[in-house]
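Model, not experiment: these values are computed from the prediction.
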Amino acid sequence: MSRWKALPGELDPRVRQLVVRLRRLKDHSGLSLRQLAAKTGYSTSSWERYLGGRSLPPREAVEAMARIGGDDPTRLLALHEVAAEAWGEGRAGTSAPDGPNAPEVPEASEATGTADVAGAAGTAGTAHTVEVAGVLQAAGADDTGPYSLSAPNEETRHGRSLRVALVAGSVALVLAVSSAVLLAVRLSDGDSRASATPLGSATSSVSPSPSPSGPRTYACEVERIDGRWYAGNSRTRDAVLAEGLAGPEVAEAQCLLRRAGFAPGVVDGIFGPHTKSAVEQLQKQAGLVVDGIIGRHTWGALRR
């Protein structure tokens, strides 16, 4: 049995399967590369490239090898068709297979009547490996011995381990950063919500003007201080307000919305549907994200 050199680790599995099958048939025939060239019409150097995975053998060469090795040409040609598809996908720009009239090149020395075959291969994709599994299994493939489909390359295995470690580290880093950001957002949101008194709270930093037969109302004493508008209910510039909250900050926002020409409804310090609609109109006009929530940027638009 010939002592074949390992095929390139990056060789597409579909091409690798065809080369492994051709190697088996050559060994079974007992022919040297020179004798094989004489019987098939393809040069010795061509067979070196075919059996080394450097060139894709033409259909006629595969059929000739099947006849010499006593194999079923139909099965071998099916493998060749799948390999040709993989070769076309992953090896654009490589030279075409040699024909019977290809020029000879200096032959490698043959110590036992067979040639050691080696070569480098370009990158080949493995995206369609699953769809050809039936063909590979029908061809009698295994993954052991001198015809192993895998390339036992220690450097390749080390590279894969390194890539796996890098990916795992990156995922862990992303998760840690995401958790930190989420925690910071929740803490910030909690502080902001604490500054806006929930609906029904019994305390208020500014005494509202009570209404004898309706909800409490706030006065809007709008004035411009240091280039910013204030309505006398709150001086906040970053409290986060959303529908369902209540308090003087909401009343301040309602007064400033009314000053800007938007209708938040009654200035009662309650963030309801009318206030939310007015906030969305302001955000749209100011070119902000339209979400109906008052944050730092929306306060900036209200104060300007």
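- Between Arg54 and Glu48 there is a side-chain heavy-atom pair separated by less than 4.5 Å.
- Residues Val181 and Leu173 share a hydrophobic cluster, clusters being chains of Ile/Leu/Val/Met/Phe/Trp/Tyr side chains in contact below 4.5 Å.
- A donor-acceptor pair is defined here as one N or O able to donate and one able to accept, closer than 3.5 Å; such a pair exists between the side chain of Arg23 and the backbone of Leu51.
- For the pair Gly53 and Leu7, the tightest heavy-atom approach, listed with the atom from each and the gap, is N-CD2, 4.2 Å.
- Judged as a side chain to side chain contact (heavy atoms under 4.5 Å, CB included), and not counting sequence neighbours, the contacts of Leu77 are Arg59, Val62, Glu63.
- Residues passing the side chain to side chain contact (heavy atoms under 4.5 Å, CB included) test with Glu60 are Tyr42, Pro58, sequence neighbours excluded.
- Two residues are said to be in side-chain contact when any heavy atoms from C-beta on lie closer than 4.5 Å; Leu245 and Val240 fail this criterion.
- Using a distance-only test at 3.5 Å, with no hydrogens or angles considered, no donor-acceptor pair links the side chain of Asn233 to the main chain of Cys220.
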Please list, one pair per line, the donor and acceptor atoms closer than 3.5 Å that link side chains of residues 253-262 to other protein atoms, with sequence neighbours excluded.
{"residue": "Gln254", "atom": "OE1", "partner": "Asp268", "partner atom": "N", "Å": "3.1"}
{"residue": "Gln254", "atom": "OE1", "partner": "Gly269", "partner atom": "N", "Å": "3.0"}
{"residue": "Gln254", "atom": "NE2", "partner": "Asp268", "partner atom": "OD1", "Å": "3.3"}
{"residue": "Gln254", "atom": "NE2", "partner": "Ile270", "partner atom": "O", "Å": "3.0"}
{"residue": "Gln254", "atom": "NE2", "partner": "Thr275", "partner atom": "OG1", "Å": "3.0"}
{"residue": "Arg258", "atom": "NH2", "partner": "Gly265", "partner atom": "O", "Å": "2.9"}

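- Residues meeting the side chain to side chain contact (heavy atoms under 4.5 Å, CB included) test with Val174, sequence neighbours left out: Ser178.
- Residue pairs meeting the salt bridge (charged side-chain N to carboxylate O under 4.0 Å, His left out) criterion with at least one partner in residues 271-285, sequence neighbours excluded, are Glu243-Lys276.
- Using a distance-only test at 3.5 Å, with no hydrogens or angles considered, no donor-acceptor pair links the side chain of Arg14 to the main chain of Glu81.
- Sorted pairs that involve residues 265-304 and meet disulfide bond (SG atoms under 2.5 Å apart), not counting sequence neighbours, are lacking altogether.
- A salt bridge links Arg21 and Asp71; the closest N-O separation between the charged side-chain nitrogens and carboxylate oxygens is under 4.0 Å.
- Here the closest heavy-atom approach between residue Trp229 and residue Leu302 is recorded as CB-O, 4.2 Å.
- Here the closest heavy-atom approach between residue Ile293 and residue Leu241 is recorded as CG2-O, 3.4 Å.
- Residue pairs meeting the salt bridge (charged side-chain N to carboxylate O under 4.0 Å, His left out) criterion with at least one member in residues 291-304, sequence neighbours excluded: Asp238-Arg296, Glu252-Arg303.
- Grouped by direct or indirect side-chain proximity (heavy atoms under 4.5 Å, Ile/Leu/Val/Met/Phe/Trp/Tyr only), Tyr230 sits with Ile225.
- Cluster partners of Val171 are Val167, Leu175, counting Ile, Leu, Val, Met, Phe, Trp and Tyr whose side-chain heavy atoms approach within less than 4.5 Å, directly or via other members.
- Taking the side chain as every heavy atom from C-beta outward, Met65 and Trp47 approach each other to under 4.5 Å.
- Contact of the Lys26 side chain with the Trp4 side chain is registered, since non-hydrogen atoms from C-beta on lie closer than 4.5 Å.
- Closest of all the heavy-atom pairs between Leu25 and Ala66 is CD1-CA, 4.2 Å.
- Across Ala239 and Thr236, no two heavy atoms sit closer than the pair N-OG1, 3.1 Å.
- Phe271 and Val290 fall into different hydrophobic clusters, where Ile, Leu, Val, Met, Phe, Trp and Tyr are joined by side-chain heavy atoms under 4.5 Å apart, directly or via other members.
- When all heavy atoms of Leu18 and Pro57 are compared, the closest pair comes out as CD2-CG, 4.2 Å.
- Not counting sequence neighbours, the partners of Ser277 by the side chain to side chain donor-acceptor pair (under 3.5 Å) test are Gln281.
- In terms of the side chain to side chain contact (heavy atoms under 4.5 Å, CB included) criterion, residue partners of Ile68 (sequence neighbours excluded) are, by chain and number, Ser29, Leu31, Leu36, Lys39, Thr40.
- Residues in residues 258-304 take part in no disulfide bond (SG atoms under 2.5 Å apart) pair, two or more places apart or across chains.
- The backbone N or O of Gly292 lies less than 3.5 Å from a partner atom in the side chain of Gln283, making a donor-acceptor pair.
- For the pair Leu282 and Leu288, the minimum side-chain heavy-atom distance is 4.5 Å or more.
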